[in-house]
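For ligands, and for the atoms within them, numbers begin at 1 and follow the listed sequence. Only a predicted model underlies this, so the values are computations on that prediction, with no experimental measurement involved.
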Amino acid sequence: MNKGIAIYPGSFDPPTNGHLDLMERGSKIFEELVVAILRNSEKSPMFSVAERLEMLRALTGHLKNIRIDTFDGLMVEYAKSMDAVCILRGIRAISDYEYELQMALMNRKLEPTLETVFMMPADKYSYVSSRLVREVAQAGGPVKGLVPEMVEQKLREKLEPAYRFHDKMHEVPPGIPGGKEKKRKKRA
Ligand code: PNS
């Protein structure tokens, strides 16, 4: 375990299993991990900051060295105010690299004493992003396994009735060959 505080900043709108996976990995490496939700990230987020805070607190309750917080303005300023030594970011695929590199170097320019550490979530989450989760859920598609059950439930509550039909998505409708409709006996 490394001495010191690390900040894991992000939008977390909503938190995904990839985020949770990274938090668990980060909590093993750092003395304390502060998950910091950006307050002004999007003009119209799906979940309010309060909702994201509540979800993340509940989801990380079992990880004793994780704290959930919010921040505004420059992330490096917030990190300094928390006496953090490090910024944690997740990299899924090579497509993340360019943006993350730019951000890490800009943050280093702004605050040379802060290091950015990249970690990879489990490969099964390598395609999972909050943006795609929102998109799939908003279109009524299933997000089971991509987000924690609590988040799935919150999405369901927020998006009803559009989200309602996702349970039925993989069922073959009656009337289609292989469907659940009882086969009628041929009349003699
Ligand atoms: O989950 P996201 O949306 O990829 O997180 C991006 C985040 C919040 C880490 C980034 O936008 C950020 O740090 N914003 C705060 C403002 C800031 O410091 N900008 C300069 C970054 S180089």
Side-chain angles (χ1 to χ4, degrees), residues 2 4-27 29-30 32-60 63 66-138 143 146-148 150-152 154-155 158:
N2 268 5
I5 298 172
I7 307 286
Y8 179 27
S11 307
F12 307 107
D13 185 32
T16 67
N17 281 342
H19 291 133
L20 263 294
D21 181 276
L22 212 78
M23 287 171 207
E24 285 184 2
R25 289 173 200 278
S27 75
I29 290 185
F30 301 105
E32 188 179 359
L33 185 63
V34 178
V35 177
I37 308 165
L38 177 62
R39 284 203 292 270
N40 58 356
S41 62
E42 261 189 71
K43 281 173 196 97
S44 52
M46 177 177 269
F47 289 96
S48 70
V49 171
E51 287 173 314
R52 283 177 270 163
L53 196 69
E54 190 191 324
M55 282 191 273
L56 282 168
R57 283 200 174 132
L59 292 167
T60 56
L63 300 167
I66 286 197
R67 197 178 350 152
I68 315 294
D69 195 12
T70 66
F71 77 103
D72 222 341
L74 272 185
M75 197 267 295
V76 292
E77 292 292 336
Y78 168 76
K80 257 172 43 182
S81 76
M82 298 294 283
D83 287 329
V85 292
C86 176
I87 299 156
L88 174 64
R89 289 287 290 172
I91 287 206
R92 293 159 298 190
I94 199 76
S95 49
D96 283 340
Y97 179 75
E98 206 169 329
Y99 171 62
E100 292 297 335
L101 176 73
Q102 272 186 341
M103 200 154 67
L105 294 179
M106 179 60 82
N107 283 333
R108 180 182 284 169
K109 171 87 179 144
L110 294 168
E111 182 48 62
T113 61
L114 270 177
E115 287 298 336
T116 298
V117 170
F118 294 117
M119 292 182 81
M120 287 156 289
D123 56 349
K124 63 182 170 185
Y125 302 130
S126 60
Y127 62 94
V128 180
S129 70
S130 297
R131 186 181 63 78
L132 282 183
V133 163
R134 287 197 305 271
E135 205 171 300
V136 170
Q138 270 163 343
V143 293
L146 309 182
V147 294
M150 173 202 279
V151 175
E152 200 190 343
K154 297 271 179 202
L155 280 165
K158 203 162 271 285

task: To the nearest 0.5 angstrom, please state how far the OG1 atom of Thr116 sits from the CE atom of Met103.
output: 8.0 Å
query: With respect to atom 8 (C) of ligand 1, which of Leu38, Ile37, Thr116 exhibits the smallest heavy-atom separation?
result: Leu38
query: For ligand 1, which atoms, with element, lie under 4.0 Å from some heavy atom of Leu74?
result: 17 (C), 18 (O)
query: Does the distance from a Lys or Arg side-chain N to an Asp or Glu carboxylate O, for Lys80 and Glu111, drop under 4.0 Å?
result: yes
field: For atom 1 (O) of ligand 1, the option (of Ser130, Ser129, Ser11, Pro9) bearing the nearest heavy atom
entry: Ser11
Euclidean distance, Arg89 CZ relative to Ile7 CD1, rounded to 0.5 Å: 12.5 Å
Distance-only donor-acceptor hits, side chain of residues 119-127, under 3.5 Å, sequence neighbours excluded:
residue : atom : partner : partner atom : Å
Ser126  : OG   : Asp123  : O            : 2.8

statement: Heavy-atom proximity to atom 13 (O) of ligand 1 ranks first, among Glu77, Met75, Arg89, Gln102, for Met75
message: Please list, in number order, the atoms of ligand 1 under 4.0 Å from a heavy atom of Met106.
response: 22 (S)
Approximate separation, where rounding is to 0.5 Å, of Lys158 NZ and Leu155 CG: 9.0 Å
query: Numbering the atoms of ligand 1 from 1, which are under 4.0 Å from a heavy atom of Gly73?
result: 15 (C), 16 (C)
